[in-house]
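Comments concern the structure below.
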Amino acid sequence: MPISAIDAISPAFQHTKAQLLHPFRATQWAKLALVGFLAGELSSGGCNGGSSFQPPTHPGGGQPFPLSHAHLLQYVSLIALLVVLGIFFWVLFLYVSSVMRFILFDSVIAKRCEIRRGWARRHGAGLRYFVWQLLFLLAMGVGFTVLIGIPAALALAAGWLKDPRQHLLQLILGGMLLFFMVMGFIVLSLVVHVLTKDFVVPEMALENISAFEGWRRLLPALNSEKGSYAGYIGMKIAMALGAAVVLGIVTFIVIIILLIPVGGFGFIAVVVGKTAGLTWNLYTITLAVVVGCIALAVLLYVVSLISVPAIVFFPAYSIYFFASRYPALDALLHPPPALIPQFSPPPLPPPEPIA
């Protein structure tokens, strides 16, 4: 029988505790942190930090960034290179994240994380999920463009933007309506994303189908159990907020502890750079970007290590909720007990005749 969103919490919690603590394996914990980070399972907010250090200037003072034609071309070339590299690594990360989503699914089901074997097994399904994500992001971009562009074009054609003071009421009401429409579109997009990774990915993993076919099979279930799936979304939002608060406090404490050696290293680097007379140029900016990316990656991995319980719990929660509605997943989650061969004693020899 299908279970409710509340009933799925207890088995998911027991599953998480058994996978992480019985027994505790540091290597499995580290692998799950890496897989969860690459799969995009982290739900923590962004980290904003400031710095009191000033960039080194020329020994004689003046502008820290020279504005000559040659230097301007260097900076433009560097920015263009960083943009191209950013797009390339974003697409690469999206593909890796798509495959890691299936590896995380297998890790939770089997209670064992195997990255290399999982990659060899799931790269095909990950490629199909990657195509789905690209098309979904493209559809979101087109939707935002249409949603914002058409009202802006209508307001411009009506002359509201040429003389905004004369049309203040129309602009305020139209802006409020546009705000709610945009927020509704964002919420709808997030719901589609959550339902895809929670319920369509298991169908893709078990039946080797595309995301479009998975959605075609999922839609009848959503229509027949609107209340159950709405309760699942609401319960998941509530638990995600609670987990974000707890993990955010722990992460903040750990980051404060880590910032002490990192800040000391940064201070020493700035002092050494000033002493050596370094200035901001193509090479120092590139080095700063590379070091900053490495430091950010290490910081995110530390956050992922702290978030491993959530990385395992939320996929397990969706699996237990969906397994009661998807027989193939339920059979994988609760395999039948192995048949014990019945022992049959050898036949007794016939009785000897009486003399």
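- Separation of the Phe93 and Phe89 ring centroids does not fall under the 6.0 Å cut-off.
- The salt bridge (charged side-chain N to carboxylate O under 4.0 Å, His left out) analysis of residues 203-213, with sequence neighbours excluded, yields the pairs Glu207-Arg217, Glu213-Arg216, Glu213-Arg217.
- Nearest heavy-atom pair, Asp330 versus Ala323, reported as atom, atom and distance to 0.1 Å: CB-O, 3.1 Å.
- At a threshold of 4.5 Å between non-hydrogen side-chain atoms, the residues Phe37 and Met100 do not count as touching.
- Qualifying ring-ring contact (aromatic ring centres under 6.0 Å, His included) partners for Tyr320, counting only residues two or more places apart in sequence or in other chains: His15.
- In this structure, Ile249 belongs to a hydrophobic cluster whose other members, linked by side-chain heavy atoms under 4.5 Å apart, are Val245, Ile253, Ile257.
- The two residues Ile3 and Phe321 make their nearest non-hydrogen contact at O-CE1, 3.7 Å.
- Between the side chain of Asn223 and the backbone N or O of Leu219, at least one donor-acceptor pair lies under 3.5 Å.
- Residue pairs meeting the salt bridge (charged side-chain N to carboxylate O under 4.0 Å, His left out) criterion with at least one member in residues 305-323, sequence neighbours excluded, do not occur.
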Can you give me every donor-acceptor pair (side chain of residues 101-110, partner residue at least two apart or in another chain, under 3.5 Å) with its distance?
residue: Arg101; atom: NH1; partner: Glu41; partner atom: OE1; Å: 2.9
residue: Arg101; atom: NH2; partner: Ala39; partner atom: O; Å: 3.2
residue: Arg101; atom: NH2; partner: Glu41; partner atom: OE1; Å: 2.8
residue: Asp106; atom: OD1; partner: Arg122; partner atom: NH2; Å: 3.0
residue: Asp106; atom: OD2; partner: Arg122; partner atom: NE; Å: 2.8
residue: Ser107; atom: OG; partner: Ile103; partner atom: O; Å: 2.7

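- In this structure Thr196 satisfies the side chain to side chain donor-acceptor pair (under 3.5 Å) test together with Trp215, sequence neighbours excluded.
- Note on residues 243-254: no pairs pass salt bridge (charged side-chain N to carboxylate O under 4.0 Å, His left out), not counting sequence neighbours.
- Its side chain outside the 4.5 Å cluster rule for every partner, Val246 clusters with none of the Ile, Leu, Val, Met, Phe, Trp and Tyr residues.
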Side-chain atoms of residues 297-304: list all donor-acceptor pairs with protein atoms under 3.5 Å, sequence neighbours left out, distances to 0.1 Å.
residue: Tyr301; atom: OH; partner: Ala30; partner atom: O; Å: 3.1
residue: Ser304; atom: OG; partner: Ala33; partner atom: O; Å: 2.4

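- Using a 4.0 Å cut-off between a side-chain N of Lys or Arg and a carboxylate O of Asp or Glu, Arg112 and Glu114 qualify as a salt bridge.
- The shortest distance between side-chain heavy atoms of Leu177 and Met181 falls below 4.5 Å.
- Heavy-atom minimum distance, Pro315 versus Ala310: CD-O, 4.0 Å.
- Distance check, rounded to the nearest 0.5 Å: CG of Leu32 to CD1 of Ile115 gives 8.5 Å.
- In this structure, the side chains of Arg128 and Ile209 stay at 4.5 Å or more apart for every pair of heavy atoms.
- The two atoms that bring Ala211 and Val200 nearest to each other are O-CG1, 3.8 Å, heavy atoms only.
- Atom CZ of Phe13 has 12 or fewer neighbouring heavy atoms from other residues, nucleotides or ligands inside a 6.0 Å radius.
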Please lay out, stage by stage, how Tyr229 and Phe199 fare under the test ring-ring contact (aromatic ring centres under 6.0 Å, His included).
CA-CA 11 Å; Tyr229 283 95; Phe199 303 138; 5.4 Å; yes
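- Taken from CZ in Phe313 to OG in Ser307, the straight-line distance is 14.0 Å, to the nearest 0.5 Å.
- Connection of Val187 to Val182 is established within a shared hydrophobic cluster, with ILVMFWY side chains joined at heavy-atom distances below 4.5 Å, either directly or through further cluster members.
- Rounded to the nearest 0.5 Å, atoms CD1 (Ile87) and CG (Leu92) are 13.5 Å apart.
- Cluster partners of Val84: none. The rule joins Ile, Leu, Val, Met, Phe, Trp and Tyr whenever side-chain heavy atoms lie under 4.5 Å apart, and it links nothing here.
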Contacts table for residues 132-157: side-chain donor-acceptor under 3.5 angstrom, sequence neighbours left out:
residue: Gln133; atom: NE2; partner: Ser98; partner atom: OG; Å: 2.8
residue: Thr145; atom: OG1; partner: Gly141; partner atom: O; Å: 2.8

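- A search for salt bridge (Lys or Arg N to Asp or Glu O under 4.0 Å) contacts involving Glu225 returns Arg325, not counting sequence neighbours.
- Between atom CG of residue Asp198 and atom CG of residue Leu218 there is a gap of 10.5 Å, rounded to the nearest 0.5 Å.
- Between Tyr317 and Tyr232, the ring center distance clears the sub-6.0 Å criterion.
- A distance of 11.5 Å separates OG1 in Thr16 from CD1 in Ile311, rounded to the nearest 0.5 Å.
- Separation of atoms CG (Leu127) and OG (Ser210) is listed at 12.0 Å; rounding is to 0.5 Å.
- Counted within 6.0 Å of CZ on Phe24, heavy atoms from surrounding residues, nucleotides or ligands total more than 12; the atom is thus considered enclosed.
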